[in-house]
Amino acid sequence: MVRHFEQELDDLKTNLIKMGSLVDEQIDAACEALFGAHVEVARHVIALDRRVDEFDTLIDKECQRIFALAQPVAIDLRLLMSALKINNELERIGDIAVNIAERVDPLVPFNEFLRTTRLHEMASIARIMVRDSLDAFIHNNPGLATRVLESDDVVDNLDRHIFRQLVLEMQSNPPNVVPASHIMILSRHVERLADHATNIAEDVIFLVDARIVKHNAFEEDRTV
Amino acid sequence: MKRSFEVAVSLEIHYVFGALLIFHTLGNAMQRHFVQELEMLKTNIIKMGSLAEQAIAEAIRALLERRKDVAHQVLAQDQQINSFEITIDDQVVDLLALQQPVATDLRFILAASKINNDLERIGDHAVNIAESAIQFTDLPEVEPVVDIPQMAQITKGMLRDAIDGFIHTNATICRAVLRNDDIIDDLNKKVVRELVACMRESPGTIEQSLELIRVSRNLERVADLATNIAEEVIFMAEARVVKHHLGEQSTGS
């Protein structure tokens, strides 16, 4: 029975890792599609979402089964609760990758304009945050998770910077209103990527330290 | 001799009955305790749900009536929603750890845990809208706020129905929530389209339009979260996953 339970937990963790790397691939491809103006790559990102959703359902079921059969306590219970939450975050990250991919097509004619913003820099940081938060989970590393929390401010600041730049751009050059609106929304999507990475990192810290970081140490920021 | 034997037997019977009685009472007490805790969890979700709904309503009122004081109240009250989240999270862990529930109760508790998370995010969106209301009020007044009041009305209804559906395990109400989500997605797209057109024609209204786009997108996210709650309830009620079988997910714009 004990052996069986450990096995189930292991499987669960393996599936979360697989789902994590799938989502990571999705974000990578979404960024490549956006900044390289590759419409086919964008379609690939959208197609991948099915598999992410399948993982989401699978992991949810696994968690429920373990809860029901093994009646875990203390540390295992916390691991399971975190697994459920992280699963949820990953699924939403996948959705954001799809949202980004959907804006690739309308922005193809404005690729040069896109490159005048700092969105690329912002996206790189957010991607690293997602990757680090997953690594922190896999390796039980609260130090790495803490670094993710710190990066969130950088991303928020870049988001505000991009927003201000684009408002000026819209005001001085009305034909840029359409691409600028798309880029603003993309910037919010990237900002939400960072938020989800932050949520995962908070869960890792909660899991390791069993204390609630949320709503305490770090103030939440203005987002769309 | 015989007599003392009878006493011993009768004493023994007393002990056995006594012990049975104690176990029985204990069992009942534990059961009662569990039922009470579940009730408390329900009550807290209801309270948190109405706080979140009120936060959205007030944030929209602040925007439409240009009331910065109301917006600041919404910002202040988010703290309350956040503490509910922590309380409910603790309750869920306690229920899972101490009571080791199975089947229906387990599904209910896990659903409560997810709904808790969704409600907290709805609170964050109310904060975003309130912040937009403050910015918006500082800018010169512009004419129409397009379909935002209607969007807010529908979204609040979705949230209320999803929570009602959870409390009464009513999948039917929740299916209506899922249908409304499409209406909100369309309205959001329409609002964004109109405002982008407006920005192109009159650059003087760009900042106001951007705040309104932000509000519209936040409402759209709230509707998505209400939809998540509704999907959880349907899953709980029917013990199956609706989430990824509804065709495509809303993409927002």
Side-chain angles (χ1 to χ4, degrees), chain A residues 46 49-50 52-54 56-57 60-61 63-64 67-74 76-78 80-81 84-85 88-89 91-92 95 98-99 101-103 163 166-168 170-178 180-182 184-185 188-189 192 195 199 206 212 214-216 220-224, chain B residues 78-79 81-83 85-86 89-90 92-93 96-98 100-103 106-107 109-110 113-114 117-118 120-121 124-125 127-128 131-132 135 192 195-204 206-207 209-210 213-218 221 224 228 235 241 243-245 248-253:
Chain A
I46 297 166
D49 207 45
R50 252 189 95 87
V52 175
D53 287 349
E54 281 165 12
D56 175 46
T57 309
D60 252 15
K61 277 191 189 149
C63 285
Q64 296 231 2
F67 269 125
L69 298 180
Q71 307 198 322
V73 284
D76 294 328
L77 180 64
R78 253 189 275 142
L80 275 179
M81 296 292 292
L84 271 176
K85 284 192 181 173
N88 210 344
E89 302 293 343
E91 196 261 335
R92 287 176 200 213
D95 283 349
V98 171
N99 290 339
E102 282 169 343
R103 279 181 203 271
F163 183 82
L166 290 173
V167 172
L168 293 178
M170 284 175 165
Q171 282 165 340
S172 60
N173 193 5
N176 272 343
V177 161
V178 172
S181 321
H182 282 302
M184 266 181 192
I185 290 169
R188 301 296 191 207
H189 285 320
R192 277 177 43 225
D195 274 354
N199 289 344
F206 170 69
I212 293 179
K214 238 176 175 171
H215 309 310
N216 290 338
E220 314 224 5
D221 256 297
R222 186 178 145 91
T223 55
V224 158
Chain B
D78 192 46
Q79 204 47 51
I81 296 183
N82 289 344
S83 3
E85 192 203 13
I86 294 171
D89 250 4
D90 286 348
V92 165
V93 172
L96 290 175
L98 302 176
Q100 310 202 322
V102 286
L106 178 66
R107 277 206 301 272
I109 295 165
L110 290 177
S113 158
K114 287 199 173 175
N117 209 325
D118 290 334
E120 191 268 336
R121 285 177 201 219
D124 286 347
H125 288 296
V127 166
N128 290 343
E131 281 172 345
S132 276
Q135 303 281 332
V192 172
L195 289 169
V196 168
C198 182
M199 288 193 286
R200 270 157 95 175
E201 282 154 26
S202 42
I206 283 176
E207 283 170 278
S209 298
L210 287 175
I213 288 178
R214 222 167 88 90
V215 171
S216 171
R217 289 178 47 75
N218 271 288
R221 303 278 315 147
D224 276 353
N228 285 355
F235 168 67
V241 179
K243 221 157 54 168
H244 304 303
H245 298 285
E248 67 304 301
Q249 40 228 166
S250 64
T251 49
S253 46

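Given the structure is predicted, the values throughout are model-derived calculations rather than measurements. Every chain is numbered from 1, with letters handed out A, B, ... down the list of sequences.
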* Asked: Measuring heavy-atom distances to chain A, does B:V127 have an atom under 4.5 Å in its side chain, in its backbone, in both, or in neither?
  -> neither

* Taking every non-hydrogen atom, the tightest pair across A:Q64 and B:L106 -> O-CD2, 3.8 Å

* Structure fact -> Note: B:L96 and A:L77 closest approach over all heavy atoms is CB-CD1, 3.7 Å

Which value, rounded to the nearest 0.5 Å, describes the distance between [X] atom [atom1] and [Y] atom [atom2]?
X	Y	atom1	atom2	value
A:L84	B:N117	CG	CG	10.5 Å
A:N88	B:D118	CG	CG	7.0 Å
B:R217	A:I185	CZ	CD1	4.5 Å
A:R92	B:N228	CZ	CG	5.0 Å

* Answer yes or no: is there an ion pair linking B:R121 with A:D195, defined by an N-O contact shorter than 4.0 Å? => no

* Does a salt bridge link B:D124 with A:R192, judged by any charged N lying under 4.0 Å from a carboxylate O? -> no

* To do: Let me see the working for B:R221 and A:D95 under salt bridge (charged side-chain N to carboxylate O under 4.0 Å, His left out), right down to the final yes or no.
  => CA-CA 13 Å; B:R221 303 278 315 147; A:D95 283 349; over 6 Å; no

* To do: Quick one: list whatever passes side-chain hydrogen bond (donor to acceptor under 3.5 Å, both in side chains) with B:R200, sequence neighbours left out.
  => none

* Note, B:L210 side chain near A:F163 side chain (heavy atom, < 4.5 Å) -> yes

* Asked: Passes salt bridge (charged side-chain N to carboxylate O under 4.0 Å, His left out), A:K85 versus B:D89? Steps please.
  -> CA-CA 12 Å; A:K85 284 192 181 173; B:D89 250 4; 2.8 Å; yes

* **Counterpart residues, side-chain contact (heavy atoms from CB on, under 4.5 Å), relative to A:Q171 (two or more places apart)** => A:V167, A:L168, B:I206, B:E207

* To do: Below 4.5 Å from any heavy atom of chain B, which atoms of A:M170 appear? Answer side chain, backbone, both or neither.
  => both

